[in-house]
Amino acid sequence: MAFSLSSSITLSFTPSTPKQHFLSTHFAFRFSRARSQDNARPLQFKVQCKSSKDFLVKDQSPWSKIPTWLDLPAFINGKAKVESLIAVILIMAQITSPLPLGGWESWSILPANAVLYSPETKLPRTGELALRRAIPANTNMKAIQASLEDISYLLRIPQRKPYGTMEAVDGKDSILASIPADLREKGSTIYASLIDGKGGLQELLKYIKDQDPDKVSVGLASSLDTVAELELLQAPGLSFLLPEQYLNYPRLTGRAIVELTIEKGDGSSFTPESGGEPRKTATIQVVLDGYSAPLTTGNFAKLVTDGAYDGTKLSCINQAIISESGTDKNGYSAPLEIMPSGQFEPLYKTTLSVQDGELPVLPLSVYGAVAMAHSEASEEYSSPFQFFFYLYDKRNAGLGGISFDEGQFSVFGYTTSGREILPQIRTGDVIRSAKLVEGQDRLVLPNES
């Protein structure tokens, strides 16, 4: 059978043994580039398949390690195993469904082409997901998070429900040890909730056994929220040192929440998404991520606490809602600040090249992303005041659903509450007030450094 990867690439899959159900055996794949005498002809990739106890492809795809089949009833009823359960890994098992082919190290395809053409591009599509992935937490917690997100991803694929194999990963001691001592008791409570609490992993296992996709989806969301709580406890500050030349800038050493109250400029009202009375004002909450953009969030948070955005007018242009330029309200002209995926610290004064496979930890290609505009003096710096909400629309994006402006701006947070208000904002509407409602203790000002 053939799996279409793009208009110019075809992957041919030929089993060397009779077709078998994926749950009853494992397969090993070897990818080799077929020679083509004519450069204009489509490239083809031959795949050889053989029965094996171990999955041999060494990549980072969900298929890179498939554990042996687990006896679900025995697993669920085993008290000791449930107590040590941290992660649930589900691998879809229908050979007739399209394979999610990740890990381009195994292909003879340039990383850029894989990013731009693959429908499986794993760019976060919600602010919550992007923020969760940006937390610099313990590697065990990140493995748990990745496993649960893989399940969630597979649930979205038509005719593919991940009722396959599962694996338990024990990491309680390592997880709690990476939490500061004064927060460890709280971490232990959250850990217990992750295992046995309402919406915890034990409930999730039951829903999986019942093969109920709706309940599995709800259980996954609950478990991922709890995982994020634990990860935030593991990350009390920045995981890297700022360059010395930027130590005199305001900086945010973690997460913060800003609440913006928007007022209609023409006297009309905002319409609630689900019932309720029309309102003259509406509230939007933005989570700032200092882990990935400490200077940008620090400057923005300081401007908010100074009241600089109170009374600021908004304008709608292209796919963005942008604030007016500052005059006497200007803050610090922070350098362009972007953390690439897979890196541990941001890059400064430089953009990312999506064509070369570079993607940011905080992508712009998310509806409600918040970023700073460029400085009028130099695109190596962000504006000291002007920011915008990005209204991502896949119809106006490039290949792979990636914004044409991806990697060009300092994205520093996401709208997590009030997203339904964004499309109702019009040019002339006003930010009546902006308040830092959480994270004041993480804002470090220059005279406090």
Side-chain angles (χ1 to χ4, degrees), residues 127 249-252 256-271 278-290 293 295-337 362 364 366-377 379 381-392 405 409-440 443 445:
Y249 285 74
R251 60 186 181 273
L252 187 68
I257 298 177
V258 169
E259 188 174 273
L260 302 168
T261 301
I262 312 296
E263 183 179 67
K264 280 291 185 182
D266 59 3
S268 59
S269 301
F270 290 102
T271 304
R279 298 164 293 171
K280 297 293 183 183
T281 61
T283 300
I284 293 173
Q285 279 196 348
V286 174
V287 174
L288 312 183
D289 184 42
L295 302 183
T296 309
T297 53
N299 179 58
F300 185 81
K302 183 181 185 301
L303 286 168
V304 168
T305 58
D306 291 344
Y309 289 111
D310 296 352
T312 298
K313 290 184 179 181
L314 299 171
S315 298
C316 298
I317 54 173
N318 298 329
Q319 290 177 241
I321 301 168
I322 191 166
S323 68
E324 65 182 353
S325 298
T327 51
D328 57 336
K329 303 177 181 179
N330 283 349
Y332 288 73
S333 186
L336 190 69
E337 184 178 41
L362 301 179
L364 183 68
V366 173
Y367 191 89
V370 187
M372 296 303 293
H374 286 154
S375 167
E376 294 181 0
E379 290 194 357
Y381 287 83
S382 293
S383 167
F385 180 82
Q386 193 173 35
F387 75 98
F388 63 92
F389 296 94
Y390 187 68
L391 308 182
Y392 170 75
D405 292 316
F409 293 91
S410 295
V411 177
F412 61 91
Y414 295 94
T415 307
T416 56
S417 177
R419 274 189 292 258
E420 73 279 1
I421 299 301
L422 295 178
Q424 300 182 48
I425 294 176
R426 299 289 181 269
T427 296
D429 291 351
V430 177
I431 299 175
R432 184 51 54 208
S433 67
K435 298 177 182 178
L436 189 65
V437 297
E438 188 177 314
Q440 294 91 338
L443 177 59
L445 300 176

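Values below: every heavy atom of this structure, side chains too, minus hydrogens, waters and symmetry copies.
- Nearest heavy-atom pair, Asp310 versus Ala434, reported as atom, atom and distance to 0.1 Å: OD1-N, 2.9 Å.
- With sequence neighbours excluded, the residues that form a ring-ring contact (aromatic ring centres under 6.0 Å, His included) with Phe388 are Phe409.
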Mind running side chain to side chain contact (heavy atoms under 4.5 Å, CB included) on His374 and Leu336 for me, showing each step along the way? CA-CA 8 Å; His374 286 154; Leu336 190 69; 4.2 Å; yes

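- Side chains of Tyr381 and Pro335 form a contact here, defined as non-hydrogen atoms less than 4.5 Å apart.
- Between Ile431 and Ile262 there is a side-chain heavy-atom pair separated by less than 4.5 Å.
- In this structure, the side chain of Tyr309 does not engage the main chain of Lys435 through any donor-acceptor pair within 3.5 Å.
- Applying the side chain to side chain donor-acceptor pair (under 3.5 Å) test to pairs two or more places apart or on separate chains, those with a residue in residues 278-289 are Arg255-Asp289, Glu259-Gln285, Asp289-Ser292.
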Decide yes or no on side chain to side chain contact (heavy atoms under 4.5 Å, CB included) for Ile425 and Phe270, but give the supporting numbers first. CA-CA 8 Å; Ile425 294 176; Phe270 290 102; 4.3 Å; yes

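- The closest donor-acceptor contact from the side chain of Asp306 to the backbone of Ala308 lies at 3.5 Å or more, if one exists at all.
- The two residues Met372 and Gln386 make their nearest non-hydrogen contact at CE-O, 3.3 Å.
- Here the shortest heavy-atom pairing between Tyr367 and Tyr392 reads CD1-O, 3.4 Å.
- No side-chain donor-acceptor contact under 3.5 Å links Ser323 and Thr312.
- Here CG of Leu295 is found 8.5 Å from CZ of Arg251. Values are rounded to the nearest 0.5 Å.
- Inter-residue side-chain proximity for Val370 and Phe412 is flagged as met; some heavy-atom pair is nearer than 4.5 Å.
- Expressed to the nearest 0.5 Å, how far OG of Ser382 lies from OH of Tyr332 amounts to 15.5 Å.
- Atom OG1 of residue Thr297 and atom CG of residue Leu288 lie 6.0 Å apart, to the nearest 0.5 angstrom.
- Of the possible donor and acceptor atoms, none in the side chain of Asn299 sits under 3.5 Å from a partner among the backbone N and O of Gly331.
- The side chain to side chain contact (heavy atoms under 4.5 Å, CB included) test with Ser315 is passed by exactly one of Asp429, Ile322, Ile321: Ile322.
- Contact record, Leu422 with Gly368: CD1-CA, 3.8 Å, taken as the closest heavy-atom pair.
- Counting only residues at least two apart or in different chains, side chain to side chain donor-acceptor pair (under 3.5 Å) contacts with residues 416-428 comprise Glu128-Arg419.
- The shortest heavy-atom contact between Leu252 and Gly439 is CD1-O, 4.0 Å.
- Contact check for Val286 versus Phe389: side-chain heavy atoms found under the 4.5 Å cut-off.
- For the pair Glu263 (side chain) and Arg432 (backbone), a donor-acceptor distance under 3.5 Å is absent.
- Heavy-atom minimum distance, Pro278 versus Ser269: CB-CB, 3.7 Å.
- Between the OH atom in Tyr249 and the OG1 atom in Thr296 there is a gap of 10.5 Å [rounded to 0.5 Å].
- When side chains are defined from C-beta on, Phe300 counts as touching Val258, because their heavy atoms get closer than 4.5 Å.
- Between the CG atom of Leu303 and the OG1 atom of Thr305 there is a distance of 7.5 Å, given to the nearest 0.5 Å.
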